[in-house]
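Sequential numbering from 1 along the given sequence is applied to the chain's residues. All values reported here derive from a predicted model rather than from experimental measurement.
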Amino acid sequence: MAPNLLPAREFPPGLDWLNTAQPLTFAQLKGKIVLLDFWTYGCINCIHVIPDLKQLEAEYPNELVVIGIHSAKFDAEGETENIRQIILRYELEHPIVNDRNFRIWQRWDVHAWPTAFLIDPAGKVVERHSGEGFYAVFKPLIASLVESFAAKGQLDLTPFQPRLEKAGLPKPVLAFPGKVFAEQGGERLFIADTNHHRLIVAHQQTGEVLDLIGSGAKGFTDGDFGTATFAHPQGLVLAPDGQTLYVADSENHALREIDLATSQVTTLVGTGHQSRQFAPRGGKAPAFALNSPWDLALEGQKLYIAMAGMHQIWLLDLVTKALRPFAGSGREGTVDSLCTSAELAQPSGLALDGQARLYFADAEGSSIRWADLHGPNPQVHTLAGSGSSLFDFGDRDGLGPQARFQHPLGVAYQAGMLYLTDTYNHKIKQIEPKTGAVQTFLGQNSGWRDGIEPLFAEPGGLSAAEKKLFVADTNNHAIRVIDLSTKNTTTLILKGLERFMPAPESEAFPGKMLHLAAQTVEVGEGSLEIELRLPEGYKLNPAATHALTWQATAGLLLQPTEANLSFNQPTLSMPLIFRAGSGQLICDLTLFYCAGAKEGVCLLDQVRLTIPLTVQAVGEKQCQVVYQLQAA
């Protein structure tokens with residue numbers, strides 16, 4: 001309902017702004033259509049509107065400015081640095097203001113997440129909308145405003161230039177890994193490299209990369225490992241035969257099936273579009289729309305799905321392909337009851353105990369709950385956490401309902417004990433299933449540290465195997481390995497990833513492209529000298545192979561050895577024979593480096609260096625190339 005063209009309320013001073021060089025005002029934005037998005041980053045409904053915002057931004061790049069008003073539900077969500085990480089994780093490119101004390105929220109009389117306002121170029125509020133479905137509501141209104149204000153000459157089409165938080169940041173080898181699955185009795189570890197839209201198969205002990213699944217491009221296509229695409233994959237589970245991997249492809253709202261023997265990816269169920277139905281009764285794979293599947297658990301031929309967007313757990317029969325709700329009415333809440341009528345709150349992690357219990361991390365309810373798998377009247381029970389309110393959270397050990405968590409995302413069962421990622425508290429906790437007794441296992445405040453007193457940063461998923469816990473340490477871009485006997489924590493160093501990366505093509509080079517100063521060299525024998533300058537405290541990863549590929553204008557250079565080289569030192573000398581002429585020398589570098597104190601948290605840099613080159617009778621004997629890497 002339109003708010004009767006009231007003037008927009010200015011932003012209060014003194015707030016932290018992100019993705020912009022300075023705080024914004026409506027006076028500055030006069031002539032622009034402005035969309036205010038009130039959100040909090042753990043809320044699945046807020047996540048669901050992000051594609052709508054991005055589509056509107058793409059369709060009206062010069063007319064529309066989106067501003068995110070982040071009014072936090074959880075304490076951790078109010079920290080500016082955590083919001084910065086979420087901006088990177090959700091790939092947001094519009095300004096965000098941290099409304100941690102709800103000052104903007106109160107000025108605009110907001111009551112729920114997400115809520116949005118549309119402001120016209122004259123600074124008047126023309127529409128308010130709560131809930132999902134921003135695009136359908138605002139698209140026709142924006143089109144109308146563009147037409148009417150353009151006709152009056154009152155539309156500012158100057159491109160809005162945000163200063164993005166991602167600018168200048170190096171690319172991590174893993175990007176916000178969400179979930180991980182360890183093969184029982186085997187050696188493979190399956191990693192959801194979520195923000196790289198791919199899966200990595202690695203050796204549990206050595207970290208050697210065994211396979212790479214997905215091209216790395218964001219999309220929804222089936223095919224072989226090199227061409228298939230995903231969109232922010234999350235939960236993983238391996239079939240008992242060890243040949244089939246199931247994946248919760250969260251942003252595609254689909255389940256993918258991976259044949260590890262034939263290296264093929266197919267869609268098991270999902271249309272690629274979010275289901276807009278409230279609590280649908282069920283259907284049949286593959287043509288059935290899902291809603292943010294986040295984690296998976298497999299019992300025989302029954303695949304359980306944490307359907308975070310529906311606030312339910314669903315069940316897929318892998319034989320008949322029948323799909324139905326298993327637990328949760330679809331209404332968000334914390335009510336224990338029969339599975340069909342219980343209320344769940346964004347279930348995001350699943351674990352089976354082999355004794356007819358399905359445990360789940362109920363993220364927005366900040367509780368750990370379980371459901372009966374068998375019997376005539378299966379029920380949902382709260383094992384630990386308040387269970388009385390969506391706003392009853394904290395960080396407290398204790399017995400059952402006395403314990404407090406903050407947005408837990410993962411659970412794993414091992415040897416009679418339940419472990420969980422207490423995500424926003426940056427901790428790993430354990431629960432005794434028979435009593436509900438909760439105890440902090442490892443972790444303190446947000447950070448990174450290995451050893452017996454480790455630090456984590458919003459850990460998401462975890463998996464148990466061979467007396468070890470494997471943790472997807474999401475904001476640290478790393479996989480951590482915990483020895484359950486000693487509590488010693490190490491970071492898994494991935495090795496050999498470069499073997500699976502496609503060779504760069506001139507038409508679509510995947511990294512940065514830099515043009516260096518022109519150089520003049522002397523005809524005859526000489527060399528190419530490359531020096532890599534690393535930030536203080538950083539080093540090339542000694543476990544990785546770094547690659548150089550070079551090419552030059554035809555006839556300009558000759559090299560006695562190979563044009564594709566591997567190296568492991570920050571300096572490289574390569575003999576060349578220079579021939580008279582002028583042209584370009586192009587060097588493609590693939591580099592893996594890390595901070596000395598965080599060796600397992602590896603960064604990836606791919607850069608193409610182009611050097612204009614003149615070869616004549618008198619000049620230098622070496623072509624010298626210096627490249628400065630960046631700190632995280």
Side-chain angles (χ1 to χ4, degrees), residues 40 42-44 72-77 294-295 297 304 306 308 311-313 326-353 355-373 375 377-444 458-462:
T40 186
C43 163
I44 194 67
K73 171 186 172 181
F74 292 100
D75 294 341
E77 292 176 336
W294 217 263
D295 202 12
Y304 293 91
H311 307 295
Q312 294 177 306
I313 296 170
F326 168 73
S329 66
R331 186 179 300 279
E332 185 177 17
T334 58
V335 177
D336 288 344
S337 182
L338 293 173
C339 282
T340 53
S341 56
E343 294 179 5
L344 314 186
Q346 205 171 311
S348 301
L350 300 176
L352 294 162
D353 69 351
Q355 302 171 53
R357 280 190 179 187
L358 176 66
Y359 294 98
F360 60 97
D362 217 27
E364 282 293 289
S366 293
S367 59
I368 303 300
R369 306 169 75 181
W370 63 276
D372 302 301
L373 292 183
N377 297 300
Q379 297 196 25
V380 169
H381 316 259
T382 297
L383 177 66
S386 169
S388 63
S389 166
L390 295 174
F391 292 85
D392 204 355
F393 56 85
D395 183 8
R396 186 170 72 209
D397 293 349
L399 191 63
Q402 299 172 353
R404 292 293 180 271
F405 311 107
Q406 193 175 184
H407 201 82
L409 288 178
V411 284
Y413 184 87
Q414 175 75 0
M417 188 66 70
L418 194 67
Y419 299 89
L420 67 123
T421 53
D422 193 359
T423 303
Y424 288 177
N425 286 324
H426 315 290
K427 294 181 178 181
I428 309 299
K429 294 184 178 179
Q430 63 181 22
I431 307 177
E432 210 293 316
K434 293 181 180 179
T435 65
V438 175
Q439 183 177 354
T440 297
F441 187 65
L442 287 171
Q444 300 171 40
E458 290 202 6
L462 75 170

Next item on the list: Would you check, one step at a time, whether the test side-chain contact (heavy atoms from CB on, under 4.5 Å) holds for Glu364 with Phe74?
Entry: CA-CA 9 Å; Glu364 282 293 289; Phe74 292 100; 3.3 Å; yes
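- Each of Arg404, Lys429, Gln406 was checked for a side chain to side chain donor-acceptor pair (under 3.5 Å) with Asp395, and the lone residue meeting it is Lys429.
- Between Tyr304 and Phe326, the ring planes are perpendicular. Angles over 60° get that label, and only those under 30° would be called parallel.
- For Ala306 against Pro347, the heavy-atom pair with the smallest separation is CB-O, 3.5 Å.
- At a threshold of 4.5 Å between non-hydrogen side-chain atoms, the residues Pro401 and Thr382 do not count as touching.
- More than 12 heavy atoms of other shown residues, nucleotides or ligands fall within 6.0 angstrom of atom CZ in Arg357.
- Not a single donor-acceptor pair under 3.5 Å links the side chain of His311 to the backbone N or O of Gly330.
- Checked by atom type and distance alone, the side chain of Asp372 pairs as donor or acceptor with a backbone atom of Gln379 at under 3.5 Å.
- Ring geometry for Phe441 versus Tyr419: interplanar angle over 60°, hence perpendicular rather than tilted (30 to 60°).
- One distance of note links NZ of Lys427 with CD of Gln444; it measures 8.0 Å at 0.5 Å rounding.
- Interatomic distance, Cys339 SG to Leu373 CG, rounded to the nearest 0.5 Å: 8.5 Å.
- Without hydrogens or angle criteria, Gln430 side chain to Gln439 main chain gives no donor-acceptor distance under 3.5 Å.
- Between the side chain of Asp397 and the backbone N or O of Thr440, at least one donor-acceptor pair lies under 3.5 Å.
- Taking CG from Leu420 and OH from Tyr359, the interatomic distance works out to 12.5 Å, rounded to the nearest 0.5 Å.
- The minimum heavy-atom distance between Ala384 and Val438, with the atom names listed, is CB-CG2, 3.5 Å.
- Contact of the Val411 side chain with the Tyr413 side chain is not registered, since no non-hydrogen atoms from C-beta on lie closer than 4.5 Å.
- Nearest heavy-atom pair across Ile44 and Ala308 is CG2-O, 3.9 Å.
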Note to self: Leu409 vs Glu458, test: side-chain contact (heavy atoms from CB on, under 4.5 Å). Steps then yes/no.
What the structure shows: CA-CA 9 Å; Leu409 288 178; Glu458 290 202 6; over 6 Å; no
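- Note that CG of Leu383 is 10.5 Å distant from CZ of Phe360, once rounded to the nearest 0.5 Å.
- Listed by chain and residue number, Leu399, Glu432, Ala437 satisfy the side-chain contact (heavy atoms from CB on, under 4.5 Å) test with Thr435 (two or more places apart in sequence, or in another chain).
- Within the 3.5 Å criterion, the main-chain N or O of Asp392 finds no donor-acceptor partner in the side chain of Ser386.
- Between Trp370 and Leu418, the closest side-chain pair of non-hydrogen atoms is not below 4.5 Å.
- Remark: the backbone N or O of His407 is paired with a side-chain donor or acceptor of Ser366 at under 3.5 angstrom.
- Minimum heavy-atom separation, Ser367 to Gly385: CB-CA, 4.2 Å.
- Distance check: Met417 CE to Asp353 CG gives 13.0 Å after rounding to the nearest 0.5 Å.
- The backbone N or O of Ala363 lies less than 3.5 Å from no partner atom in the side chain of Ser348, so there is not a single donor-acceptor pair.
- Within the 3.5 Å criterion, the main-chain N or O of Gly394 finds a donor-acceptor partner in the side chain of Asn425.
- Considering OG1 of Thr421 and CD1 of Ile428, their distance stands at 6.0 Å, rounded to 0.5 Å.
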Next item on the list: Decide yes or no on side-chain contact (heavy atoms from CB on, under 4.5 Å) for Glu332 and Glu343, but give the supporting numbers first.
Entry: CA-CA 6 Å; Glu332 185 177 17; Glu343 294 179 5; over 6 Å; no
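- Taking all atoms of both residues into account, the shortest heavy-atom contact from Pro408 to Ala361 is O-CB, 3.6 Å.
- For the pair Thr340 (side chain) and Leu338 (backbone), a donor-acceptor distance under 3.5 Å is absent.
- A donor-acceptor contact shorter than 3.5 Å links the side chain of Asp362 to the backbone of Ala345.
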